Structures are given as C-alpha cells and as structure tokens.
2 protein chains.
Amino acid sequence: MQNRLADIILFHRKRSGLTQQELAELAGVGKNMIYELENGKISVRLDNLLKVLQVMNIELNFHSPLWEAFLREHSDAKR
Amino acid sequence: MQNRLADIILFHRKRSGLTQQELAELAGVGKNMIYELENGKISVRLDNLLKVLQVMNIELNFHSPLWEAFLREHSDAKR
DNA sequence: CACATTTACCCTGTTTTAAGGGAAAATATG
DNA sequence: CATATTTTCCCTTAAAACAGGGTAAATGTG
C-alpha cells in the first residue's frame, strides 16, 4: 500500500464496475492515462487526474497546520 | 476563494517568507511553475505540485465514502 | 477447456508543460 | 520620492504527457 493514489483509483474503478476504457471515456481522458495512473505514474497532469477523481466521486483536499488555523480564524464570521 | 489550490500555495509561501524564485529552487521546479500555480493553472504535473507541497508541509489527501469504509474495515487488524 | 473480455504495454504523431532568460509593471522599503 | 525587490508575463527550446491504435498476455466466464 505504498502508492496510495494508484490504489484508490483502482479500488474505486473496480467498485464502479468500470473497465479502464470506460472510465477513460467518462472522464474524457485517454485509456493509457488510466492504466498509468493505476500503475504508479505520478507525473500525470493535475487537470486530468481531477477529471478522473470527479467521475468516481473522490474528493481531494489539502491540509497543514497553518492552513487549518487560518480557516478556523476565518470561519468565525460564518456563525 | 474559488480556486483553492492557488490560494493555499500563495498563503503558505508568504507565511514562509519565500519569493517565488526561492520556493521554486527549494522545490526543484521552475519559477514560472510557481507563478502559474498561484494564478490558477491546474494543468501542472502532479509530481511537480507534490514537490511544492512538500516544501511547505502541505498534505494532500483523498476521500470518498467508499474509501473510508474500506479503510475502516482494514484498520481493525491494527488494534 | 474454449472463448470473450480486460489489461499490459508497445509505438507514433501532436500538443503542452517546463525551465529559464529577459524586461516591464507592480510592490515594498529606505 | 528614489531605489531595490518581487511579480507578471513574453519568448525559445527541450522534454514529456497525451490520445488512440494495435496486440500479446492475463483474467474471467460459460
């Protein structure tokens, strides 16, 4: 389970009952891109990755101590 | 705050007191790449983005209902 | 075990990112 | 207000991703 991204993609695709080809078409990318993604390539383009994630309802998020503190400060305005 | 990634990068860079140039050098990418990242370009290469995030201690993670359920099931072995 | 489907992995041409130089515009600082 | 620093954005060249075709290997299924 070292390369997480590849696993997540594969796992979701299988669960969705899609072939690489079908997922590629749904996401609007090439079939090779899906294959490479599932096989550990990390030099893919971010926009393409995002398309694939969207199809399978996978959310992407960032966090760091600094950013969380910032968000906390600025969410006070909401409530 | 529509384009989150750009904001996160900018925010962290400023907090770190780095110029685009310096961040680029630390991450081992070109200066233009940092500029573009901070200005909403999302067709950057994932490996380059990861390098930048690492320098600033920003974690990247994925989540989806399916994946969380899976992790929960398999974390039982740990305890 | 035969057959159908899917995946792995080649190859080709096209398109795009990436790096880094340069210089004007914007911003910071004495 | 003058000057130094930083950012924006143009240009060029090289490297790499991308799409999609093809086919053998692997896997699934009757």
Side-chain angles (χ1 to χ4, degrees), chain A residues 1-62 64 66-67 69-71 73-74, chain B residues 1-62 64 66-67 69-71 73-74:
Chain A
M1 274 262 170
Q2 187 57 307
N3 196 325
R4 281 262 267 286
L5 180 52
D7 296 325
I8 293 175
I9 303 282
L10 177 63
F11 173 81
H12 280 81
R13 181 174 64 77
K14 286 300 188 187
R15 280 270 165 124
S16 310
L18 297 168
T19 63
Q20 294 176 348
Q21 182 86 260
E22 289 167 333
L23 175 54
E25 279 161 16
L26 283 172
V29 302
K31 69 180 177 26
N32 283 334
M33 201 261 180
I34 303 293
Y35 166 68
E36 291 169 337
L37 214 46
E38 291 184 354
N39 286 83
K41 182 173 180 180
I42 59 166
S43 56
V44 296
R45 267 170 34 192
L46 180 61
D47 57 343
N48 280 343
L49 172 60
L50 292 176
K51 288 187 214 163
V52 173
L53 295 181
Q54 263 186 314
V55 166
M56 300 192 291
N57 257 295
I58 304 171
E59 219 176 275
L60 180 57
N61 44 27
F62 307 93
S64 81
L66 283 177
W67 186 246
F70 174 75
L71 288 181
E73 280 177 34
H74 293 273
Chain B
M1 275 263 170
Q2 188 56 310
N3 196 327
R4 281 260 268 285
L5 180 52
D7 295 326
I8 293 175
I9 302 281
L10 177 63
F11 173 82
H12 280 81
R13 181 173 65 78
K14 286 300 186 186
R15 280 270 166 123
S16 310
L18 297 168
T19 64
Q20 293 177 348
Q21 183 86 259
E22 290 168 333
L23 175 53
E25 279 160 17
L26 283 172
V29 302
K31 68 181 180 18
N32 283 333
M33 200 261 179
I34 303 293
Y35 166 69
E36 291 168 338
L37 256 184
E38 291 184 353
N39 285 82
K41 182 172 181 181
I42 58 166
S43 55
V44 296
R45 263 168 41 188
L46 180 61
D47 56 343
N48 280 343
L49 171 60
L50 292 175
K51 289 187 214 162
V52 173
L53 295 181
Q54 263 186 314
V55 167
M56 298 191 294
N57 257 295
I58 303 171
E59 218 176 274
L60 179 56
N61 45 26
F62 306 93
S64 81
L66 283 177
W67 186 248
F70 174 75
L71 288 182
E73 279 177 35
H74 293 272

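Worth saying up front: this structure is predicted, and the values here are computed from it rather than measured. All values below were derived from every heavy atom in this structure, side-chain atoms included, with hydrogens, water molecules and symmetry-related copies excluded. Below, chains carry the letters A, B, ... as their sequence lines are ordered, and counting in each starts from 1.
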Point to revise | Protein proximity profile, nucleotides 17-30 of chain D - base contact B, sugar-phosphate-only contact S, no contact -, cut-off 4.0 Å on heavy atoms | key: SSSBBB--------
Solution key, residues 22-37 of chain B side-chain donor-acceptor pairs under 3.5 Å, sequence neighbours excluded:
| residue | atom | partner | partner atom | Å |
| --- | --- | --- | --- | --- |
| B/E22 | OE1 | B/T19 | N | 2.9 |
| B/E22 | OE1 | B/T19 | OG1 | 3.4 |
| B/E36 | OE1 | B/K41 | NZ | 3.4 |

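- Residues meeting the side-chain hydrogen bond (donor to acceptor under 3.5 Å, both in side chains) test with B/E38, sequence neighbours left out: B/R13, B/Q20.
- With values rounded to the nearest 0.5 angstrom, A/K14 atom NZ is found 15.0 Å from B/L66 atom CG.
- Going from atom CD1 of A/I58 over to atom CG of B/N61 covers 12.5 Å, rounded to the nearest 0.5 Å.
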Close N or O pairs between protein and nucleotides 5-7 of chain D (under 3.5 Å):
| residue | atom | partner | partner atom | Å |
| --- | --- | --- | --- | --- |
| D/dT7 | OP1 | B/R13 | NH1 | 2.6 |
| D/dT7 | OP1 | B/R13 | NH2 | 3.1 |
| D/dT7 | OP1 | B/K14 | NZ | 3.3 |
| D/dT7 | OP2 | B/Q20 | N | 3.0 |

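- With sequence neighbours left out, B/D47 forms a side-chain hydrogen bond (donor to acceptor under 3.5 Å, both in side chains) with B/R45.
- The CG atom of B/L71 lies 7.5 Å from the CD1 atom of A/I8; values are rounded to the nearest 0.5 Å.
- When DNA chain C is scanned 5' to 3' for any atom under 4.0 Å from a heavy atom of chain B, the first and last hits are C/dT17 to C/dG22.
- Minimum interatomic distance between B/A6 and B/G40 (heavy atoms only, all atoms of both residues): CB-N, 4.0 Å.
- Qualifying side-chain hydrogen bond (donor to acceptor under 3.5 Å, both in side chains) partners for B/K51, counting only residues two or more places apart in sequence or in other chains: B/N48.
- An angle of 70°, rounded to 10°, separates the two end axes of the helix from C/dC1-D/dG30 to C/dG30-D/dC1, each defined over five pairs.
- Partners of B/N57 by side chain to side chain contact (heavy atoms under 4.5 Å, CB included), not counting sequence neighbours: none found.
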Exercise for review: Applying side chain to side chain contact (heavy atoms under 4.5 Å, CB included), run through A/L46 and B/L5 and close with a yes or a no.
Suggested key: CA-CA 11 Å; A/L46 180 61; B/L5 180 52; 3.7 Å; yes
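- Listed by first then second residue, pairs satisfying ring pair (Phe, Tyr, Trp, His ring centres under 6.0 Å) with a partner in residues 9-28 of chain A read A/F11-B/W67, A/F11-B/F70, not counting sequence neighbours.
- One finds the OG atom of B/S64 at 10.0 Å from the CG atom of A/L53 (value rounded to the nearest 0.5 Å).
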